[in-house]
Novice: 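Can you read through this structure? Questions will come right after.
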Amino acid sequence: MRKNLIAGNWKMNATHLETIQMVQKLSYRLDYADYQRVDVVVCPPFTALRSAQTVIESDHLQIRLGAQNVYWEDKGAYTGEIAPGMLAKLSVSYVIVGHSERRQLFGETDADVNRKVKAVLGAGMTPILCVGETEEERESGVTEAKVGGQVHAGLEGLTGEQIAGLVVAYEPIWAIGTGRTASDDDAGAMAAFVRATIADIADEASESTRILYGGSMNPGNVAGLMAKRDIDGGLVGGASLDPDTFASVIRYWV
Ligand code: 13P
């Protein structure tokens, strides 16, 4: 059985001081039963990871920590980059890899994304591999070709066991930050397509891989999305910045 996972991608928001407050406020709104149903992850900016780690450890919170990006080398002359081992030392459990903003704004290629996925796994963390099509791609009927290609490239060279433990986030780019969500049926169909694509690569692993939906997920649309067989959680941007709202997304069945 796949455990649900809901991750807040805070993007370039929150100082380390704001992060401490946000993590604490979120924790006040969640209880033991919530963590039994959902793995709760927050992904603050790099500069706030140490502060978040400190709150989580000192208050014994069950919130897990994620990073938004990583470089694939262990160390060296890569000014401005962050190595996987640096994140692992901060008790980071998940790393978002290949977010569409990184692909579109910072030129990350499928090959870069695959190197990052491997580096994250090599450091004992779980990649959240992001895939998704643009509006033009959807309109011209190449959604499956685009997303299938990103899944194949991202998983290149991984073992079945690694694929089973992976998280893949399907995030249609036209739904990110726009308030436009994919319909439950479209999102569910694309999650099923992602799982079928994974099954082509590693048949047995595909039932274990967790697939998230991302793109304007909020307290009003989360339950319908989560009802889809192949959607195991969400990658939440804007709605994760307010602890009350994010807690309502996490407690989607209430
Ligand atoms: P929004 O929830 O703000 O649309 O962002 C989605 C996203 O990009 C999460 O990674």
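Values reported hereafter were calculated over all heavy atoms of this structure, with side chains retained and with hydrogens, waters and symmetry mates removed. Quantities reported herein were computed from a predicted structural model and do not represent experimental measurements. All ligand and atom numbering here is 1-based and tracks the order in the structure.
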Novice: So with a 6.0 Å cut-off around CD of Glu204, is the heavy-atom count from everything else above 12?
Specialist: no
Novice: Do Pro44 and Leu49 touch side chain to side chain, with heavy atoms closer than 4.5 Å?
Specialist: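 Yes, side chains in contact.
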Novice: Going by salt bridge (Lys or Arg N to Asp or Glu O under 4.0 Å), name the residues that satisfy it together with Glu135, two or more places apart in sequence or in a different chain.
Specialist: Arg180
Novice: Tabulated below should be the N or O atoms of ligand 1 paired with protein N or O atoms at under 3.5 Å; can you produce that?
Specialist:
unit_1	atom_1	unit_2	atom_2	d
ligand 1	2 (O)	Ser216	N	3.4
ligand 1	2 (O)	Gly237	N	2.9
ligand 1	3 (O)	Gly238	N	2.8
ligand 1	4 (O)	Gly177	N	2.6
ligand 1	4 (O)	Ser216	N	2.8
ligand 1	5 (O)	Lys11	NZ	3.2
ligand 1	8 (O)	Lys11	NZ	2.8
ligand 1	8 (O)	His99	NE2	2.8
ligand 1	10 (O)	Asn9	ND2	3.0
ligand 1	10 (O)	His99	NE2	2.9
ligand 1	10 (O)	Glu171	OE1	3.2
ligand 1	10 (O)	Glu171	OE2	2.9

Novice: Who passes salt bridge (Lys or Arg N to Asp or Glu O under 4.0 Å) against Arg195, sequence neighbours left out?
Specialist: Asp230, Asp232
Novice: Using side-chain hydrogen bond (donor to acceptor under 3.5 Å, both in side chains) as the criterion, list what pairs up with Asp184, not counting sequence neighbours.
Specialist: none
Novice: Would you say the side-chain atoms of Glu57 and Ser91 include a donor-acceptor pair closer than 3.5 Å?
Specialist: yes
